[in-house]
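What follows is one structure encoded as structure tokens, with my remarks underneath.
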Amino acid sequence: MIPIKIIREDPEKIMETLKKRGKEFPLEELREIDKKWRKRKKEADKLRHKRNNIGEKIAEKKKKGKQAEEEIEKMQEIKKELEEKEEETKKLNHKREKLWMSLPNLLDSEVPKGETEEDNKEISKWGEKLERNFKTKTHLELARELNLIDEKASEVTGEGFYYLKNDLAMLGIALQKFTIDKLTEKGYELIEPPFMLREKIYKKATNVDKFKEDMYGVKDTDKYLIGTSEHPMAAMHKDEVYQKEELPKKYVAISPCFRKEAGTHGKYRKGLYRMHQFNKIEQFIVCKPENEEKYFKELQENAEEIYQELKIPYRVVILCGGDTPKTQAKTYDVEALMADGEYREIGSNSTSKDYQARRMNIKYEKEKYGEREYVYTLNNTGVATSRTMLAIMENHQNEKGEINIPKALQPYMNGKKKIKKK
RNA sequence: GGAGAGGUGGCCGAGCGGUCUAAGGCGCACGCCUGGAAAGCGUGUAUACCUCAAAAGGGUAUCGCGGGUUCGAAUCCCGCCUUCUCCGCCA
């Protein structure tokens, strides 16, 4: 949510962001509706003021045991008039809120122009593509050959689902525990959030498009399965006001994620890369605005440290305007080098600044009993199991068609060093 | 899933159609008192939105949420959410 003040006083600033994102938005319509709403509200407030005044008079007369016919008649008139005004105001406000909520976040100045992922800019790179003297296999080939998946899932559940078997299932658990240990050691609080949210709340956590593209609703309820634990984590702080000493709040959240991935035709969706269900360890931070940069960096470093320990070669890119999610102000993706030589996203670090906090109404007091201000929220993948496992499989396969388990994960795999054929 | 009892300000807690501009207490802030403190005394103590160039000021709303009855609702009626207690079912 963008401050209404900016919408009213500095529409140029918003147009700039919209242009950078390449998104259309009826900004003028929103401004008009807002104007009308203010006018109607003012009128309704005045009527209520009148009503309150006369009400007092009636109370006074009645108290003295007098009749107040004249006043009551007046009140009845005001009532009719007010009812009309109120209905109009309410309608306008609904429209206004709906539009206002769908206005994307202002972009950070660092975000480059551009429409598609082609325009994302590389920031850094780590690790080298391993030179191999054998023909590399895709993760899907490896998974099939090593008896790590059962594709019956596509029949019994649908495409985009797999049964993960044996050492692959174990690898997923190992990755999660490894990441949780790492982050809790750094003082992050471990949370397992609810895996569903009420629709009403969910709409505050993310933008409307996501509902069509990604969200699974739960039949006969008002609930949706979460697409990422970022959403219940933001919701956990709804309507809270923190003391400044309480910030930052740092969390590591564990949850499965459910995504329809509708409208992703043409995107890479082979094997386990784009599943409708996967597990993810998420980092989430609530902080004061002035510390945004510091914690964005911290989250980024945490993530990179993990991939480095797993010996996954990667690069970091900053997403261009068109590719940055509507709720975020700036996003860095970590892209892992895959067997085919392409870099593909495996994690994503974002700051929403106060956009999410405004929607969820999360504030802090700058001074005790002093001025209140919205907090900033940041989120970064710790590790998404499916994509990270995929990167491990493709990068750490050997000439025998086995998978070498990264050293960092071996303790979490009961000391196992390789995933071999059974 | 069934039955019952609740949800009031930062917290506790009263109020059950007009004086609620929400009693009282706790907490907090400031002041007096004190060598200093405690106690005591006094004063103040919410949020959001609208208005205003801004501040001051003014207005409106808010007693879980949403409707309704009424000239007028914290108070009456209906629906929902939620907490607690008991029963049933269950990993």
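Here is how names work: the chains are called A, B, and so on, in the same order as the sequence lines, proteins then strands, and each is numbered from 1.
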Base versus backbone protein contacts along nucleotides 64-70 of chain B [heavy-atom cut-off under 4.0 Å; B, S, -] = ---S---
Between B:rA54 atom P and A:E9 atom CD, what is the distance in whole Å?
-> 8 Å
Send over the distance from A:E81 CD to B:rC71 P, rounded to a whole Å.
-> 17 Å
When the ring planes of A:Y224 and A:Y202 are compared, do they come out parallel, tilted or perpendicular, using 30° and 60° as the limits?
-> perpendicular
Closest nucleotide of RNA chain B for A:Y374 versus for A:R51: which of these residues is on the 5' side?
-> A:Y374
Atom P, compared across B:rC11 and B:rG64: separation rounded to whole Å = 13 Å
Starting from the C-alpha separation in whole Å, work towards a yes-or-no answer on salt bridge (Lys or Arg N to Asp or Glu O under 4.0 Å) for A:K260 and A:D214.
-> CA-CA 4 Å; A:K260 276 187 185 165; A:D214 270 336; over 6 Å; no
Rounding to the closest angstrom, what is the interatomic distance between B:rG15 and B:rA91 at atom P?
-> 46 Å
Round to a whole Å and report the spacing from NZ of A:K5 to P of B:rC49.
-> 11 Å
Member of A:K203, A:K200, A:R198 meeting the salt bridge (charged side-chain N to carboxylate O under 4.0 Å, His left out) criterion with A:D222 | A:R198
Just by modelled atom types, is the A:S348 backbone N or O under 3.5 Å from a matching donor or acceptor in the A:T381 side chain?
-> yes
Which donor-acceptor pairs under 3.5 Å do the side chains of residues 106-113 of chain A make with protein atoms, sequence neighbours left out?
residue, atom, partner, partner atom, Å
A:D108, OD1, A:E110, N, 2.9
A:D108, OD2, A:K353, NZ, 2.9
A:E110, OE1, A:K330, NZ, 2.9
A:E110, OE2, A:Y332, OH, 2.5

Considering just the side-chain nitrogens and oxygens of A:K363, establish if one lies under 4.0 Å of OP1 or OP2 belonging to B:rA48.
-> yes
B:rU75 and B:rU69: how far apart are their P atoms, nearest whole angstrom?
-> 15 Å
Within this structure, what is the NZ-to-C1' distance between A:K85 and B:rC50, rounded to whole angstrom?
-> 16 Å
What interatomic distance, in whole Å, is found between P of B:rC77 and the corresponding atom of B:rC90?
-> 38 Å
Considering only nitrogen or oxygen atoms on both sides, find all protein atoms under 3.5 Å from nucleotides 55-59 of chain B and state each distance.
residue, atom, partner, partner atom, Å
B:rG59, O3', A:H49, ND1, 2.9

Looking only at atom P, what distance separates B:rG68 and B:rU62, rounded to whole Å?
-> 13 Å
Intra- and interstrand pairs of RNA chain B - dot-bracket, Watson-Crick/G-U under 3.5 Å, | marks other strand | ((((((((.[[[..)..(.....]]]((((((.......))))))((((((.....)))))).[[[[[..)....]]]]])))))))....
Reckon A:R8 touches a base, only the sugar-phosphate, or nothing at all at heavy-atom distances under 4.0 Å?
-> sugar-phosphate
When rounded to whole Å, the CD to C1' distance for the pair A:E60 and B:rG72 reads 15 Å
Reckon A:R38 has a side-chain N or O less than 4.0 Å from the OP1 or OP2 of B:rC49?
-> no
B:rA55 to B:rG44 separation - P atoms, rounded to the nearest Å = 25 Å
When rounded to the nearest Å, what value does the distance between C1' atoms of B:rA73 and B:rA61 take?
-> 14 Å
Reckon A:K61 touches a base, only the sugar-phosphate, or nothing at all at heavy-atom distances under 4.0 Å?
-> nothing
Identify whether the distance between the nearest side-chain nitrogen and carboxylate oxygen of A:K152 and A:E155 falls below 4.0 Å.
-> yes
Would you call A:R40 and A:E88 a salt bridge, using N to O less than 4.0 angstrom?
-> yes
Mind checking salt bridge (charged side-chain N to carboxylate O under 4.0 Å, His left out) for A:E151 and listing every partner two or more places apart, or none if nothing turns up?
-> A:R144
Is there side-chain contact between A:T206 and A:H231, with heavy atoms separated by less than 4.5 Å?
-> yes
Name all residues meeting the salt bridge (charged side-chain N to carboxylate O under 4.0 Å, His left out) criterion together with A:K250; count only those two or more places apart in sequence or in a different chain, and write none if there are none.
-> A:E298
Spacing of A:E71 atom CD relative to B:rG18 atom C1', expressed in whole Å = 13 Å
Figure out the CG/C1' separation between A:L82 and B:rG72, and round it to whole Å.
-> 12 Å
Atom-pair distance (CD1 on A:I201; P on B:rU82), nearest Å = 11 Å
Residue A:A59, side-chain atoms from C-beta onward, closest of B:rC49, B:rU47, B:rG18 = B:rG18
Could you give the distance separating B:rA14 and B:rG67 at their P atoms, to the nearest angstrom?
-> 29 Å
Should A:R48 and A:D45 count as an ion pair when the cut-off is N to O under 4.0 Å?
-> yes
Closest to the 5' end of RNA chain B, once A:W37 and A:D222 are matched to their nearest nucleotides, is A:W37
Could you check A:E345, A:E335, A:E304 and say which one makes a side chain to side chain donor-acceptor pair (under 3.5 Å) with A:Y314?
-> A:E304
Is NZ or CZ of A:R344 both nearer than 6.0 Å to the six-membered ring centre of A:Y268 and within 45° of the ring axis?
-> yes
